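Residue numbering restarts at 1 for every chain, and letters A, B, ... go by the order of the sequence lines. Here the structure is a predicted model, which is why all the values come from computation and not from measurement. Quick note: numbers below take in every heavy atom, side chains included, and nothing from hydrogens, waters or symmetry partners.
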2 protein chains.
Amino acid sequence: MRLLLVEDEDLLRAQLVKALEDNDYIVDSVQDGELGLFQAKEFSYDAAIIDLGLPKMNGIDLIKAIRAEAKVFPILILTARDNWTDKVEGLDAGADDYVVKPFQIEEIKARLNALLRRAAGFAKPSLDFGHLSLDTSAKQLSVSGNSVELTAYEYKVLEYLMLHPGQVISKMELTEHLYEQDYDRDSNVLEVFVRRLRQKLDPEEMLKPIDTVRGQGYRFNVPPN
Amino acid sequence: MRLLLVEDEDLLRAQLVKALEDNDYIVDSVQDGELGLFQAKEFSYDAAIIDLGLPKMNGIDLIKAIRAEAKVFPILILTARDNWTDKVEGLDAGADDYVVKPFQIEEIKARLNALLRRAAGFAKPSLDFGHLSLDTSAKQLSVSGNSVELTAYEYKVLEYLMLHPGQVISKMELTEHLYEQDYDRDSNVLEVFVRRLRQKLDPEEMLKPIDTVRGQGYRFNVPPN
DNA sequence: CAAGGTGTTAAGCCTTTGTTCATATTGACC
DNA sequence: GGTCAATATGAACAAAGGCTTAACACCTTG
């Protein structure tokens with residue numbers, strides 16, 4: 001899960017980043033609205049946490065701009081207690097929830113979880129395609145009935161692919177979803193993971209659940225019927 | 001046993017928290033209805049104690065909202081003597097019992113025990129999976145008929161895992177259920193408990209009732225039929 | 001006070017996993 | 001067909017994470 005954090009206060013930002021990272025989120029944090037918008041346009045996030053009082057471009061405008069880009073990930077806004085009217089404006093602009101400063105880090109985490117779960121919407125515990133089924137709460141794959149264990153990273157890759165069935169996902173997009181910063185460019189970790197996944201998904205190499213589109217990325221195939 | 005306490009009066013709240021904690025409950029306490037609802041949604045409790053006169057969202061609405069979320073844990077309401085009509089409304093809204101203020105702490109504890117016993121009584125006296133059966137009221141485990149003693153913490157761990165069968169439960173989630181605050185990060189208590197549990201559950205190490213999903217947590221395996 | 005049990009810590013060992021590397025294979029373009 | 005870049009593959013390695021055991025402090029209980 002990759003988060004965008006836009007917060008101008010250095011100390012608070014650092015605390016949040018740490019807390020979120022401890023919870024296994026991958027966090028990109030920036031200090032002002034302009035940078036926030038740039039990041040939001042350039043990368044794809046699972047959720048954003050945005051302080052409403054920001055330099056360069058205020059939080060409300062940032063949210064509007066993000067929504068104008070047709071980005072739909074949930075947005076959690078941080079607002080000071082005294083100007084709570086902002087909160088309404090923020091929700092109007094397209095935010096999904098708010099937390100009033102000062103807050104407990106725990107509250108942020110809980111709200112975030114709620115949003116992400118809600119965003120998953122259909123709250124599907126499992127992603128099913130033909131004889132492949134990925135149980136997202138058991139973190140387990142089942143191939144025509146037989147359960148198969150996945151490592152943490154194998155799971156992340158497969159989940160991401162299965163969440164975008166039939167779409168070509170570039171290696172960069174995948175890598176960015178797995179790691180914090182842009183990872184060492186000349187590494188073939190991803191290829192190795194895909195290789196191991198293919199073996200587990202389809203030991204016989206008959207059905208080719210994951211195609212490689214040369215130069216573009218990988219694609220999880222929706223099985224016929 | 002984890003309780004949710006929603007009470008706006010600081011002194012009373014503190015007294016209740018202390019008394020309950022002395023009785024080995026784990027207590028989350030909040031000051032208003034909105035926070036209460038949030039907690040109830042976000043975490044899973046064994047029971048709740050709710051004052052009817054609350055800021056932000058009154059107790060009646062809170063109870064309705066909790067029940068609307070399909071939460072079934074018992075709810076004990078606290079009500080002032082003069083407006084006893086609230087009590088009826090509260091019970092109608094879905095509360096299970098009431099105590100009139102002012103009260104003796106002892107009374108709260110007694111009512112709570114009764115509620116919990118009743119809830120355990122017909123809700124789920126035992127968690128059964130294959131040849132494993134955990135008697136939640138006797139706090140006793142039986143492995144293919146033979147009863148096995150569990151220590152307090154062993155029981156807590158196993159109960160939590162068995163309440164979420166087939167799901168991967170992170171160590172953090174488990175630890176938070178065992179202890180109040182987030183516990184010392186670099187301690188391996190949990191591993192030790194799991195180790196001891198595994199021995200008791202399955203001395204032969206054949207059936208692997210508890211899987212470890214590396215980097216993610218533990219999973220109680222649902223035995224195949 | 002002795003004895004036994006329980007929760008906790010510490011330490012070393014062992015396994016899994018992520019990562020790298022070297023080398024093979026593939027596909028696209030000339 | 002030849003050439004080059006992109007991807008696959010298999011093996012090897014180091015570190016993280018988990019396991020296991022033992023010891024210890026603290027309670028209870030008799």
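- Between D:dA6 and A:Thr212, no contact under 4.0 Å exists linking OP1 or OP2 to a side-chain N or O.
- Whole-Å rounding puts the A:Tyr218 OH to D:dT7 C1' distance at 6 Å.
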Which atoms of nucleotides 24-30 of chain C (N or O only) lie under 3.5 Å from a protein N or O atom, and what are those distances?
from, atom 1, to, atom 2, distance (Å)
C:dT26, O2, A:Arg214, NH2, 2.7

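- Taking side-chain N and O atoms only, B:Ser187 has a distance below 4.0 Å to OP1 or OP2 of C:dT9.
- Of the N and O atoms on the side chains of B:Tyr45 and B:Gln39, at least one donor lies less than 3.5 Å from an acceptor on the other residue.
- Residue contacts shown for A:Arg196 include a base, since a base heavy atom lies under 4.0 Å away.
- In the model, A:Ser133 has a side-chain atom that pairs as donor or acceptor with a side-chain atom of A:Asp128 under 3.5 Å.
- B:Phe193 pairs by the ring-ring contact (aromatic ring centres under 6.0 Å, His included) definition with B:Tyr153, not counting sequence neighbours.
- Panel note: side chain B:Arg219, backbone A:Ala138; a donor-acceptor pair is recorded below 3.5 Å.
- Summarising the geometry, the separation between CG on A:Leu197 and C1' on D:dA8 is reported as 14 Å, rounded to the nearest angstrom.
- C:dT6 atom P lies 10 Å from atom CG of B:Leu150, rounded to whole Å.
- Applying the salt bridge (charged side-chain N to carboxylate O under 4.0 Å, His left out) test to residues at least two apart or on different chains, the pairs with a partner in residues 155-171 of chain A are A:Lys171-A:Glu191.
- Between A:Tyr179 and C:dT19, a side-chain N or O to OP1/OP2 separation shorter than 4.0 Å is present.
- Under the ring-ring contact (aromatic ring centres under 6.0 Å, His included) criterion, B:Phe129 pairs with B:Phe220, sequence neighbours left out.
- Partners of A:Asn146 under the side-chain hydrogen bond (donor to acceptor under 3.5 Å, both in side chains) rule, at least two apart in sequence or in another chain, do not exist in this structure.
- Rounded to whole Å, atom P of D:dT28 lies 10 Å from atom CG of B:Asp24.
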Quick one: do B:Glu7 and B:Gln31 satisfy side chain to side chain donor-acceptor pair (under 3.5 Å)? Show the steps, please. CA-CA 5 Å; B:Glu7 166 63 61; B:Gln31 310 87 37; over 6 Å; no

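- Shortest non-hydrogen contact noted between B:Asp211 and B:Arg198 is C-NH1, 4.1 Å.
- Nearest to the side chain of A:Glu191, among D:dT20, C:dT8, D:dT7, sits D:dT7.
- Rounded to a whole Å, the CG atom of A:Leu190 is 11 Å from the P atom of C:dT19.
- Both A:Gly217 and A:Gln199 lie near DNA chain D, and the one whose nearest nucleotide falls closer to the 5' end is A:Gly217.
- Residues that satisfy the side-chain hydrogen bond (donor to acceptor under 3.5 Å, both in side chains) test with B:Asn23, not counting sequence neighbours, are B:Lys109.
- Overall, the helix from C:dC1-D:dG30 to C:dC30-D:dG1 carries an axis bend of 30° between its ends, with five pairs at each end and the value rounded to 10°.
- At least one donor-acceptor pair closer than 3.5 Å links the side chain of B:Asp46 to the backbone N or O of B:Arg2.
- Taking side-chain N and O atoms only, B:Lys171 has a distance below 4.0 Å to OP1 or OP2 of D:dG18.
- Rounding to whole angstrom units, NZ of residue B:Lys208 and C1' of D:dG18 are separated by 13 Å.
- Regarding B:Gln216, its CD atom lies at a distance of 14 Å from the C1' atom of D:dG18, rounded to whole Å.
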Pair A:Ile49-A:Val6, side-chain contact (heavy atoms from CB on, under 4.5 Å): steps then yes or no: CA-CA 6 Å; A:Ile49 302 177; A:Val6 192; over 6 Å; no

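- With sequence neighbours left out, A:Lys208 forms a side-chain hydrogen bond (donor to acceptor under 3.5 Å, both in side chains) with no residue at all.
- Regarding B:Asp211, its CG atom lies at a distance of 10 Å from the P atom of D:dC19, rounded to whole Å.
- Scored by the ring-ring contact (aromatic ring centres under 6.0 Å, His included) test, A:His164 finds A:Tyr160 as partners (sequence neighbours excluded).
- Residues of residues 151-161 of chain A having a heavy atom closer than 4.0 Å to DNA chain C, listed by number: A:Thr151, A:Ala152, A:Tyr153.
- For the salt bridge (charged side-chain N to carboxylate O under 4.0 Å, His left out) condition, no pair includes a residue of residues 137-146 of chain A, sequence neighbours left out.
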Might you list the N or O atoms of the protein lying below 3.5 Å from N or O atoms in nucleotides 21-23 of chain C, with each pair's distance?
from, atom 1, to, atom 2, distance (Å)
C:dC21, N4, A:Asn188, ND2, 3.2

